[in-house]
Amino acid sequence: MTDPQHVLSQRVQAALGAALGDDFADADPVIRPSQFADFQCNAPLALAKRVGRKPREVATEIVNCLDIGDMCREVEVSGPGFINLTLRDDWIAAQARQLLDDPRLGVPEQERQNIPIDYSAPNVAKEMHVGHLRTTVVGDTLARTLEFLGHNVIRQNHIGDWGTPFGMLIEHLLDVGEDSAEAELLKSDPNAFYQAARAKFDAAEEAAQAGGPGPVSDFAARSRARVVALQRGDPATLRLWRELVDFSKVYFNKVYAKLGVTLTDADLAGESSYNDMLGAVCDELEAKGIAQVSDGALCVFLDEFTGREGRPVPLIIRKSDGGYGYGTTDLATLKYRVEELKADRIIYVVGAPQNLHLRMVYASAREAGWLPDHVVPTHVQIGNVLGEDGKILRTRSGRSLRLMALLDEAIERAAAVVAETRPDLDAATRDEIAQDVGIGAVKYADLSVAHDSEYVFDFDRMLALNGNTGPYQQYAVARIRSIFRKGGISPEDATGDINIGHSTERTLALTLLGFGPTVAQVGDELEPHRLCSYLFDLAQAFTSFYEHCPVLRAEEEQVRDSRLALTAATLRTLVQGLELLGVRAPQQM
RNA sequence: GCACUCGUAGCUCAACGGAUAGAGCAUCUGACUACGGAUCAGAAGGUUGGGGGUUCGAAUCCUCCCGAGUGCGCCA
């Protein structure tokens, strides 16, 4: 048991029962870190009214019943009725030392849940751009964290692999030839392929309107026919469609490999995979009287959703031409996740603009009985990434930024720094460091701000070695590893007792104990930036300790062993924390 | 018009209803024969967009205004 907040909460709870009676024995008082002491409890303030007495009196009474001498050196009532708690150094030291034997670093066991997480979701035959960065990176961190907490995470990469654009894409693929260089673009620069198809389609539309049939306008007609063939399940069309998807998979996997995320082909669950359910979804909604035909389209109208001029906003589940849109797919997906994946909790890591749509999907599914009350869908809203001008990040020409290009630039910039600072290393090692630092910087920058807030993308800031950045954390890890390298000691062998002598040792040890609660909180609230804040605190606590407390050069052997153990615990915690963020910590940098 | 997300130091961002709103950049002061100075110690910097309200206590909750972004029927 290494989580002081949890232990203190239990102690205070016992005292509450003793002081105020059995009615309060299950009050579960909240303990928070505080600037006035190590921890603070405000339960007396919350309970004072209930017992009709003054908060300070209540607090004093609780303190009198508190049996806590083994872990606290000071307990006092202060302010309007807070209980301030200051831990004993030897207790902190002992708990910090326990982390070294604990494979989970003090992270509490959770009740195991089935949790599908919907994230990344790029489109076939389209470029991944900055918008995909956050949904991919945030989703991946949540997946890693919930898995670490013991849950059964089911990664769901809901790729856009179905719908009207595929008619023109397939026709274009046929036109250029499946083995052509143009088709190869799908694996490296899919936008070029998509744009070509799009341009051809638009030109064909124009030609068709202007002068009737011809070889150009023919393309639009062929594309439309191809969509129908695709939805009908025509084998030849399906084969071509699959080829498009396969080409795109190669591209996705390139990006994922570069980015270092845990998604694999096994996690692909694109829109097409729900195709067979769409008809039944519509039929059932119609039969239950939830959906009605309006202007030729089958729609679900719900009272709580109104749009312009107070008119109800529909969730269109079957278009007037008989086709299905993403509303239908999303309903089928939700149904599948509840019924087949046995979801206890469903997480959508999706852009903030989709909020209304998702809420309508949830509401419709609840209405239909596909989403039981105990299953809670959560939309982790992803905010936009902005450029220096405060507008959505784009290239100078106004196009959205290619994710691949952005990652390459980050690596290049990191490489330039490494080349300057570490000319002693060989090229291969420098290259590896540049990869880890460049990618780590981008991912960390993305994760360290609240997922729903927009943030300004700035290479210089994210690659800085100071501040709440990836490289700062990586540097802290590199220095720790350097200590062990220089001392000829393996971190696993640093298992001595921890004794606290210096104030920076105390701060470091106490901060270490915060890892478990922080990870649990990230799992509950789905906010990775809290883990970043924590790791930044930890890295700062370590560098401060590192400045003030020599480890290898400590004069007494006992002090040296203690500091080595503290350093080893820090290393493990930082590396584990960064791993949950999907940020690699190089051996040196 | 309605809905969602926001408005915090010069800049970029934090703050789970709790005391004196915190970091980092930038600025200024200190500390280098360094277990890796890509650092550390410190200073300065705020009427939390504005007005009301809820309560022991509000950046946080409610309400009204001002401002920004996004979304509101056949793209996904």
Side-chain angles (χ1 to χ4, degrees), chain A residues 30 32 34-36 40 42 45-46 48-49 54-55 78-82 84 121 123 126 160 162-165 271 294-299 301 304-321 323-327 329-330 351-357 359-360 381 383-384 386 390-392 417 420-422 445 448-450 452-456 458 460-462 464-469 471-472 474-475 478-487 521 524-525 527 529-530 532-533 536-537 540 543-544 546-554 560 563 567 588-589:
Chain A
V30 177
R32 298 182 181 290
S34 163
Q35 55 182 316
F36 299 96
Q40 180 172 84
N42 64 7
L45 288 158
K49 188 173 264 183
K54 294 201 169 135
S78 76
F82 295 111
N84 286 350
N123 290 314
K126 270 195 168 177
W162 204 246
T164 36
E271 293 168 342
S294 164
D295 290 344
L298 187 62
C299 305
F301 293 100
E304 60 261 49
F305 301 106
T306 54
R308 279 193 195 87
E309 286 127 45
R311 276 188 295 188
V313 177
L315 181 67
I316 295 177
I317 56 173
R318 195 177 58 221
K319 298 185 285 182
S320 49
D321 67 2
Y324 303 110
Y326 77 142
T329 312
D330 284 347
Q354 303 272 8
N355 185 259
L356 175 66
H357 169 74
R359 276 163 45 223
M360 289 173 63
Q381 301 196 41
N384 285 317
L386 308 177
K391 302 205 167 138
I392 292 175
V417 176
E420 198 178 316
T421 55
R422 297 303 303 267
S448 61
V449 298
D452 58 344
S453 76
E454 304 188 324
Y455 79 99
V456 176
D458 180 347
D460 290 332
R461 205 174 51 242
M462 64 180 69
L465 271 295
N466 292 320
N468 189 6
T469 67
Y472 179 83
Q474 292 171 318
Y475 183 58
R479 288 169 117 189
I480 292 174
R481 286 182 166 144
S482 173
I483 292 175
F484 286 106
R485 222 173 7 246
K486 188 156 241 169
Q521 190 185 16
D524 284 343
E525 294 168 17
E527 294 186 326
H529 76 278
R530 293 186 188 278
C532 293
S533 298
F536 181 50
D537 285 345
Q540 274 191 315
T543 39
S544 190
Y546 177 90
E547 279 304 311
H548 294 98
C549 301
V551 177
L552 295 176
R553 291 178 309 166
R560 184 174 179 267
R563 289 179 179 169
T567 303
Q588 48 185 339
M589 62 186 274

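Because the structure is predicted, anything quoted here is derived from the model rather than measured.
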Enquirer: Need one value for A/Y455: base, sugar-phosphate or nothing, where a base atom within 4.0 Å counts as base even if backbone is also close, heavy atoms only.
Expert: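 Since only primed, P, OP1 and OP2 atoms lie under 4.0 Å of A/Y455, the category is sugar-phosphate.
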Enquirer: Strictly by Watson-Crick or wobble contacts shorter than 3.5 Å, is anything paired with B/G22, and which nucleotide is it?
Expert: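 Base partner found: B/C13.
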Enquirer: Just call it for A/G325: base, sugar-phosphate, or nothing, with non-hydrogen atoms closer than 4.0 Å on any strand.
Expert: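 Sugar-phosphate contact only - A/G325 comes under 4.0 Å of backbone atoms but never of a base.
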Enquirer: Taking only side-chain nitrogens and oxygens of A/K319, does any of them come within less than 4.0 Å of OP1 or OP2 of B/G73?
Expert: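 A/K319 to B/G73 OP1/OP2: no side-chain N or O under 4.0 Å.
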Enquirer: According to a strict under-4.0 Å criterion, is A/H357 in side-chain N/O contact with OP1 or OP2 of B/C72?
Expert: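 No, A/H357 has no side-chain N/O under 4.0 Å of OP1/OP2 on B/C72.
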Enquirer: Nearest-Å distance, CD (A/Q35) to P (B/U20)?
Expert: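 Answer to the nearest Å: 9 Å.
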Enquirer: Which part of the nucleic acid, if any, lies within reach of A/H548 when heavy atoms closer than 4.0 Å are counted: base, sugar-phosphate only, or nothing?
Expert: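 Result for A/H548 = sugar-phosphate.
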Enquirer: So A/R308, base contact, sugar-phosphate only, or nothing? Heavy-atom distance under 4.0 Å.
Expert: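 A/R308: base contact, heavy atoms under 4.0 Å.
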Enquirer: May I ask you to verify if any side-chain N or O of A/R481 is less than 4.0 angstrom from the OP1 or OP2 atom of B/C35?
Expert: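 No, because none of the side-chain N or O atoms of A/R481 sits under 4.0 Å from OP1 or OP2 of B/C35.
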Enquirer: Do A/Y472 and A/T543 have side-chain atoms, one donor and one acceptor, less than 3.5 Å apart?
Expert: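 Note: A/Y472 and A/T543 side chains meet the donor-acceptor criterion.
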Enquirer: Which is true for A/V449 with a 4.0 Å heavy-atom rule: it touches a base, it touches only sugar-phosphate, or it touches nothing?
Expert: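 Sugar-phosphate only.
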Enquirer: NA contact type, A/E271, heavy-atom cut-off 4.0 Å: base, sugar-phosphate, or nothing?
Expert: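 Answer is sugar-phosphate: A/E271 comes under 4.0 Å of backbone atoms only.
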Enquirer: Closer than 4.0 Å, any side-chain N/O of A/S544 to the OP1 or OP2 of B/A41?
Expert: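 Checking B/A41 against A/S544, a side-chain N or O does come within under 4.0 Å of OP1 or OP2.
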Enquirer: Of the nucleotides B/A41, B/G18, B/A38, which one has an atom closest to the side chain of A/R32?
Expert: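 Given the options B/A41, B/G18, B/A38, the side chain of A/R32 is closest to B/G18.
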Enquirer: For a quick check of understanding: with a heavy-atom distance under 4.0 Å over all strands, which category does A/Y324 fall into, base, sugar-phosphate or nothing?
Expert: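 It contacts sugar-phosphate atoms only.
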Enquirer: What does A/G467 touch in the nucleic acid at a heavy-atom separation under 4.0 angstrom: a base, only the sugar-phosphate, or nothing?
Expert: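 Here A/G467 touches the backbone only, sparing every base.
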Enquirer: Is the shortest side-chain N/O distance from A/R485 to OP1 or OP2 of B/G36 below 4.0 Å?
Expert: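 For B/G36, neither OP1 nor OP2 has a side-chain N or O of A/R485 closer than 4.0 Å.
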Enquirer: If you compare every side-chain N and O of A/T164 against the phosphate oxygens of B/C75 (OP1, OP2), does one of them come in below 4.0 Å?
Expert: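 No, A/T164 has no side-chain N/O under 4.0 Å of OP1/OP2 on B/C75.
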Enquirer: Considering just the side-chain nitrogens and oxygens of A/S453, establish if one lies under 4.0 Å of OP1 or OP2 belonging to B/A14.
Expert: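 So the side chain of A/S453 is within the cut-off, an N or O lying under 4.0 Å from OP1 or OP2 of B/A14.
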Enquirer: Is any side-chain N or O of A/K391 closer than 4.0 Å to OP1 or OP2 of B/G69?
Expert: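 Indeed not, no polar side-chain atom of A/K391 lies that close.
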Enquirer: At 4.0 Å (heavy atoms only), tell me whether A/Q354 reaches a base, stays on the sugar-phosphate, or touches nothing.
Expert: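 Base, at least one base atom sits under 4.0 Å.
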Enquirer: Ignoring hydrogens and angles, are the base of B/A38 and the side chain of A/T421 linked by a donor-acceptor pair under 3.5 Å?
Expert: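 Answer is yes: a donor-acceptor pair is held.
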